[in-house]
Amino acid sequence: MSLRSWVAWPGAPFGIASAALFGASTPLAKALLGEGVNPWLLASLLYLGSGLGLAFVWVLRRRVSNEAPLVRGDWGWMALVVLAGGVAGPLLLMLGLTTTPASSAALLLNLEGLATMGIAWAVFRENVDRRLLLGALAILAGAALLAWQGTGSGFGLGAVAIAGACLAWGIDNNLTRGKGTKLTLTAGRMTLNLGSRRLVAADDYRNTTNGYTGLRADIAAPQGWKTTLIYTLPQVRLPDDTQGIRDAKVRLDRESFDLVLWGGQVSKAKAIGAAMAELSYFHLGERDAPGRPTRDRSLDTFGGRIIAEPRASKFDYEIEAFYQTGHVSASPAPTAARQSVGASFIHADVGYSFAGPWKPRLSVEFDRASGDKPGGRFGRFDTLFGMRRADLAPAGLYNAIARTNIMTPGIRIEATPSKRLDWFALSADVAGSGSGQLLLHQRARRLGALR
């Protein structure tokens with residue numbers, strides 16, 4: 001009996017050889033990092049070498065290849081595949097290798113198959129039988145054991161970075177198919193209103209909105225899946241000096257790599273009944289610029305949201321929670337001490353919409369944001385570039401109160417008398433002080449202003 005009857009030829013041998021070579025690259029990369037090579041440089045060189053090698057093979061095969069050429073509609077997908085698989089993946093792997101043993105890292109790379117399978121099953125509804133499910137659970141259990149530090153401090157950041165690389169490659173593997181999926185790319189200066197707008201928003205209730213310069217990718221996949229990815233330089237509004245403001249000087253806003261915001265959101269419509277589920281991650285990187293000292297914020301914000309939109313004669317709800325970690329300087333002074341950040345925020349509301357021409361809605365709401373902890377620990381939640389007013393009062397009554405060290409249970413009633421007008425009344429106990437507040441509000445209706 002021939003070998004071909006036992007082995008899927010040539011796919012299986014090539015796959016095994018590819019896995020062996022890929023596994024061998026991990027300890028070699030670890031050795032180079034140990035010699036002091038910068039992770040960013042090494043990630044770039046590895047994929048530059050891969051690109052040059054494949055370009056050479058492509059030139060040799062070009063005369064006999066019958067492959068279909070790239071068309072205009074493929075370039076957006078190609079850019080996203082390069083970003084996920086050729087930029088984010090290798091960079092996260094190199095960063096993870098700096099603090100993770102090569103043996104553990106090589107085994108953790110099995111998560112790429114798990115990520116690929118999970119995305120294909122959840123988004124594209126590919127079949128997953130019992131064997132695949134058991135194998136996936138075994139990979140996940142092994143990865144958890146490898147990532148656990150065993151000291152009560154949780155998972156190592158290096159292992160988390162490697163898992164992130166596997167997720168990026170899993171996205172890459174699924175994006176190459178592109179079937180039934182729509183991709184929209186935006187580049188340049190833009191405004192952003194993402195998710196609930198509590199972290200990234202244009203902030204409509206003022207005369208200067210938040211602006212961003214960078215890249216945005218929106219992916220709409222089958223089964224109600226949507227993804228938004230951004231890499232932006234938030235604009236600094238000018239003038240920002242006392243004399244310039246007094247003189248009412250007109251200056252163009254600016255942006256630079258001294259202030260960077262990147263991350264994204266993944267959502268699924270009808271994930272829990274009629275409710276939409278959403279996961280978010282954003283990183284804010286800030287450093288001093290000439291003439292502009294900062295708090296040197298480096299913040300990672302993780303969160304999730306579940307929301308059932310209001311409907312007549314139906315209950316609705318929204319629950320959103322974030323956890324924030326990273327570090328900030330104690331003050332803008334260059335010699336200020338660096339403080340570790342551990343902060344959280346939660347918003348919850350449950351409401352009922354009554355039938356009628358005014359569409360009245362009654363809801364109970366609750367917001368809580370952490371503050372500094374005993375012993376000098378930094379715990380103030382940072383809303384990044386989110387809107388602050390709409391939850392409590394669009395008129396700006398509470399604009400001086402950031403989402404920091406607050407606990408605000410309240411009751412709201414709202415209605416829409418016409419297409420141009422709406423109003424609401426809110427009674428809230430701000431920061432648990434026992435001082436109830438009542439606000440009546442009426443304004444010209446604008447898109448997206450209520451939620």
Side-chain angles (χ1 to χ4, degrees), residues 40 43 47 73-93 95 112 115-116 118-120 122-124 160-161 163-202 210-235 255 257 259-269 271 276-285 298-305 320 322 324 384-386:
W40 292 72
Y47 270 69
D74 295 330
W75 288 108
W77 288 110
M78 180 64 68
L80 205 55
V81 166
V82 169
L83 181 63
V87 178
L91 178 58
L92 287 170
L93 174 60
L95 293 174
E112 179 185 350
T116 302
I119 295 172
V123 177
F124 298 101
V160 173
C166 294
L167 177 60
W169 284 319
I171 294 172
D172 174 4
N173 295 336
N174 280 277
L175 286 180
T176 52
R177 59 191 294 162
K179 182 179 179 181
T181 306
K182 180 181 179 181
L183 169 66
T184 303
L185 294 176
T186 306
R189 281 198 166 186
M190 66 190 82
T191 58
L192 295 173
N193 285 295
L194 302 184
S196 66
R197 305 191 300 134
R198 294 188 179 95
L199 290 183
V200 182
N210 292 332
Y212 311 82
T213 300
L215 300 172
R216 170 175 177 167
D218 291 282
I219 306 169
Q223 309 297 327
W225 287 91
K226 291 184 179 180
T227 301
T228 298
L229 304 173
I230 62 168
Y231 184 92
T232 65
L233 310 178
Q235 294 163 18
E255 62 280 312
F257 286 96
L259 181 63
V260 178
L261 175 71
W262 59 268
Q265 295 179 322
V266 179
S267 64
K268 172 70 168 65
M276 183 271 290
E278 178 182 82
L279 294 176
S280 304
Y281 167 76
F282 293 101
H283 174 80
L284 176 70
S298 179
L299 301 175
D300 296 288
T301 307
F302 308 83
R305 180 169 71 126
E320 184 165 37
F322 295 108
Q324 198 168 72
L384 305 182
F385 299 93

Visitor: Kindly indicate whether the side chain of Val260, heavy atoms from C-beta on, has any atom under 4.5 Å from the side chain of Tyr231.
Guide: yes
Visitor: Grab the two heavy atoms, one from Ser280 and one from Phe322, that are nearest each other, plus how far apart they are.
Guide: CB-CE2, 4.4 Å
Visitor: Which value, rounded to the nearest 0.5 Å, describes the distance between Leu199 atom CG and Glu320 atom CD?
Guide: 6.5 Å
Visitor: State, yes or no, whether a side-chain contact exists between Leu194 and Thr228 at a heavy-atom distance under 4.5 Å.
Guide: yes
Visitor: Taking side chain as C-beta onward, heavy atoms only, is Leu233 less than 4.5 Å from Tyr212?
Guide: no
Visitor: Counting distance only, does the side-chain N/O of Asn210 pair as donor-acceptor with the main-chain N or O of Ala201 below 3.5 Å?
Guide: yes
Visitor: Is there a side-chain contact between Leu384 and Phe282 in this structure, where contact means two heavy atoms from C-beta onward sitting under 4.5 Å apart?
Guide: yes
Visitor: Could you work out, with salt bridge (charged side-chain N to carboxylate O under 4.0 Å, His left out) as the rule, every residue matching Asp218, not counting sequence neighbours?
Guide: Arg216
Visitor: Between Thr232 (side chain) and Leu261 (backbone), is there a donor-acceptor pair under 3.5 Å?
Guide: yes
Visitor: What I want to find out is whether Glu255 reaches Arg189 closely enough, with some N-O distance under 4.0 Å, to be called a salt bridge.
Guide: yes
Visitor: Hey, does Ile230 have a side-chain heavy atom less than 4.5 Å from the side chain of Leu215?
Guide: no
Visitor: Provide the closest heavy-atom pair for Met190 versus Gly214 in the form atom of the first, atom of the second, distance.
Guide: CE-O, 3.4 Å
Visitor: Please find the pair of heavy atoms, one from Cys166 and one from Ala115, that lie closest to each other, and give the distance.
Guide: O-CB, 3.7 Å
Visitor: Measure from the side-chain N and O atoms of Gln265 to the backbone N and O of Leu229, and report whether any donor-acceptor pair falls under 3.5 Å.
Guide: no
Visitor: Is there a side-chain contact between Val266 and Lys226, using heavy atoms and a 4.5 Å cut-off?
Guide: no
Visitor: Indicate yes or no: at least one non-hydrogen side-chain atom of Phe385 is less than 4.5 angstrom from one of Pro234.
Guide: yes
Visitor: To the nearest 0.5 Å, what is the distance between OG1 on Thr184 and CD1 on Ile219?
Guide: 9.5 Å
Visitor: In Å, rounded to the nearest 0.5 Å, how long is the span from OG1 of Thr301 to OH of Tyr281?
Guide: 8.0 Å
Visitor: If we only count heavy atoms from C-beta on, is the Ser267 to Arg305 side-chain gap below 4.5 Å?
Guide: no
Visitor: I need the minimum non-hydrogen distance between Leu93 and Ala165, along with the two atoms involved.
Guide: N-CB, 3.7 Å
Visitor: Using modelled atom types and a 3.5 Å cut-off, is there a donor and acceptor pairing between side-chain atoms of Asp172 and backbone atoms of Ala84?
Guide: no
